[in-house]
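Data block below; observations after.
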Amino acid sequence: MEIKILMVCLGNICRSPLAEGILKSKLDSNKYIVESCGTSNYHIGGKPDKRSIDIAKKYGIDINDQRAAQFNINDFKTYDFIYVMDNSNYRDIIKLADNDHDKNKVILILEELYPNKQLDVPDPYYDNEQGFENVFKMLNKACDNIVIKLEQLS
Ligand code: 4NP
C-alpha cells in the first residue's frame, strides 16, 4: 500500500500546489501518493496561481495540471499525513477531526524544519515574486526532511 500525503493551505492555488509538486518530485510515485487541497472553496477547479507555476518551473517542477480542490472530512480516512501550511489552516482542519487518530495526522509543515516553533509558511498571495521564491525555498527544505522521515518508516 502506498503512503498518502495531503498538502493543505487556504486557497490551494499558491502554497499547497508548490508543496505537492516539490514533495512528489522527491518521492517514488509507486510508493507514495501526494495531493493537495484548500480549506476554502474559493478556487475549486482553478489552476495554481501563475506565480506558483512559474517558480516551480524555474526549479524544474511542472504543476500546471493541478486543479484546486477543497478539504473534505473523508480526507482524514484517505491520507496518512496531512501537512498544513499555517496555524489558521491547522485550526480549520483540526476543528473537523472527531478523534485523536485523525487529529494526529495533522502537522504544521514547518515543524519538520523548525520543531516546536509553530511557524507559518507565509501566504504569498498578496506578495510579489520574491515572496513566492521564499515560500518555494522553505517548502523545499521542509520536504527534504519529510522525505527522510518517510523513508525511515519503510
Ligand atoms: P494559498 O494562497 O492559501 O497559498 O493558496 C491564497 C490564495 C488565494 C486566497 C488566499 C490565499 N484568496 O483569498 O483568494
Side-chain angles (χ1 to χ4, degrees), residues 3-27 29 32-97 102-147 149-150:
I3 295 178
K4 300 191 183 72
I5 302 123
L6 183 63
M7 299 296 192
V8 182
C9 63
L10 174 60
N12 193 210
I13 58 167
C14 297
R15 292 165 293 177
S16 60
L18 280 175
E20 176 188 332
I22 292 167
L23 187 62
K24 253 187 196 155
S25 76
K26 298 177 189 289
L27 291 173
S29 62
Y32 299 95
I33 291 178
V34 186
E35 287 172 307
S36 67
C37 70
T39 56
S40 77
N41 61 3
Y42 304 158
H43 298 279
I44 292 174
K47 291 178 62 144
D49 188 286
K50 185 176 182 307
R51 296 163 297 175
S52 281
I53 293 176
D54 289 348
I55 197 72
K57 192 171 172 199
K58 176 177 167 189
Y59 291 99
I61 297 171
D62 183 358
I63 62 166
N64 217 11
D65 291 339
Q66 291 187 29
R67 294 295 178 269
Q70 185 176 21
F71 183 83
N72 179 291
I73 48 166
N74 294 322
D75 292 334
F76 283 119
K77 302 284 164 282
T78 306
Y79 294 95
D80 302 296
F81 297 95
I82 299 172
Y83 280 108
V84 293
M85 300 297 124
D86 65 30
N87 283 277
S88 161
N89 307 150
Y90 186 86
R91 287 189 294 273
D92 287 341
I93 297 297
I94 286 289
K95 264 194 310 224
L96 300 173
D102 289 354
K103 282 183 189 164
N104 289 336
K105 293 183 177 187
V106 187
I107 307 165
L108 259 180
I109 193 165
L110 288 186
E111 288 294 290
E112 301 291 4
L113 204 53
Y114 308 108
N116 306 314
K117 298 258 193 297
Q118 285 95 41
L119 294 178
D120 291 339
V121 177
D123 184 349
Y125 191 56
Y126 296 104
D127 204 343
N128 57 19
E129 272 70 17
Q130 187 59 48
F132 281 77
E133 178 98 32
N134 292 344
V135 164
F136 185 95
K137 288 188 170 150
M138 63 180 81
L139 288 175
N140 193 43
K141 284 196 224 162
C143 287
D144 281 337
N145 287 359
I146 292 172
V147 170
K149 173 169 156 173
L150 292 172

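All values derive from a computational prediction rather than experimental measurement. Order of listing sets the numbers, starting from 1, for every ligand and every atom in it.
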Have E112 and Y83 got a donor and an acceptor in their side chains that come within less than 3.5 Å? yes

Residue pair Y79 / E35, side-chain donor-acceptor N/O under 3.5 Å: yes

Could you pull out all residues at least two apart from D120 that satisfy side-chain contact (heavy atoms from CB on, under 4.5 Å)? D86, N87

For ligand 1, list the protein residues that place a heavy atom within a distance below 4.0 Å of one of its atoms, sorted by chain and number. C9, L10, G11, N12, I13, C14, R15, Y42, H43, D123, Y125

Does atom CD1 (I73) have a neighbourhood of more than 12 heavy atoms from anything else shown, all under 6.0 Å? no

I'd like to know if the side chain of E133 pairs up with that of Y59 as donor and acceptor (distance under 3.5 Å, no hydrogens or angles considered). yes

For N72, is there any backbone N or O sitting under 3.5 Å from a side-chain donor or acceptor partner on D75? yes

